[in-house]
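To keep things clear, I will list the structure first and then write my remarks on it.
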Amino acid sequence: QWRAAVGAGADSAKSDAGRQAVLSFVEPLTGREQLSLRDRVVLGDISAELGRSDLARAQYEKALALAESDPEASGKTKAAL
């Protein structure tokens, strides 16, 4: 799954080149509209870990908006966590 790949990449992004490689993968994903609440939170966490608080904030805000507008999505996410 892509979440596992991104998470593993974030853990190993110790160099600037590694960080840029992970960001080049994460940034396009943040623009996708059809992501789950959990996906948004994961992308937000990875973005924050890589020092991109602007991307992280946007993902967390989208996750909150999704949770408020779709209680079913919020319930599924709680069950998955």
Side-chain angles (χ1 to χ4, degrees):
Q1 287 191 358
W2 67 266
R3 285 186 290 262
V6 171
D11 290 340
S12 65
K14 300 197 188 299
S15 69
D16 191 49
R19 180 180 173 277
Q20 289 303 319
V22 174
L23 281 173
S24 72
F25 184 72
V26 169
E27 286 177 335
L29 290 175
T30 62
R32 295 188 64 175
E33 291 299 319
Q34 297 193 1
L35 293 174
S36 71
L37 191 140
R38 184 172 187 219
D39 294 340
R40 296 269 180 216
V41 171
V42 169
L43 287 173
D45 290 347
I46 293 168
S47 298
E49 196 171 318
L50 294 173
R52 288 295 308 270
S53 59
D54 57 325
L55 285 178
R57 179 185 307 259
Q59 293 310 300
Y60 295 143
E61 288 173 353
K62 288 179 181 182
L64 287 172
L66 181 59
E68 291 172 353
S69 68
D70 187 358
E72 186 177 318
S74 180
K76 288 179 184 175
T77 300
K78 287 178 186 174
L81 297 174

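Quick note: numbers below take in every heavy atom, side chains included, and nothing from hydrogens, waters or symmetry partners.
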Can you name the closest pair of heavy atoms from [X] and [Y] and give their distance?
X	Y	answer
Leu50	Arg19	O-NE, 2.7 Å
Leu35	Leu66	O-CD2, 3.9 Å
Ala56	Ser47	N-CB, 3.6 Å

With rounding to the nearest 0.5 angstrom, report the [atom1] to [atom2] distance, [X] to [Y].
X	Y	atom1	atom2	result
Asp39	Thr30	CG	OG1	12.5 Å
Ile46	Leu55	CD1	CG	11.5 Å
Leu37	Tyr60	CG	OH	12.0 Å

Residue list, salt bridge (Lys or Arg N to Asp or Glu O under 4.0 Å) with Glu27, at least two apart or on another chain:
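For Glu27, the residues satisfying salt bridge (Lys or Arg N to Asp or Glu O under 4.0 Å) (neighbours in sequence not counted) are Arg52.
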Answer whether the closest heavy-atom distance between the side chains of Leu29 and Arg32 falls below 4.5 Å.
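A side-chain contact under 4.5 Å exists here.
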Sort and list the pairs that fulfil salt bridge (Lys or Arg N to Asp or Glu O under 4.0 Å) and have at least one residue in residues 57-67, not counting sequence neighbours.
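Sorted pair list comes back empty.
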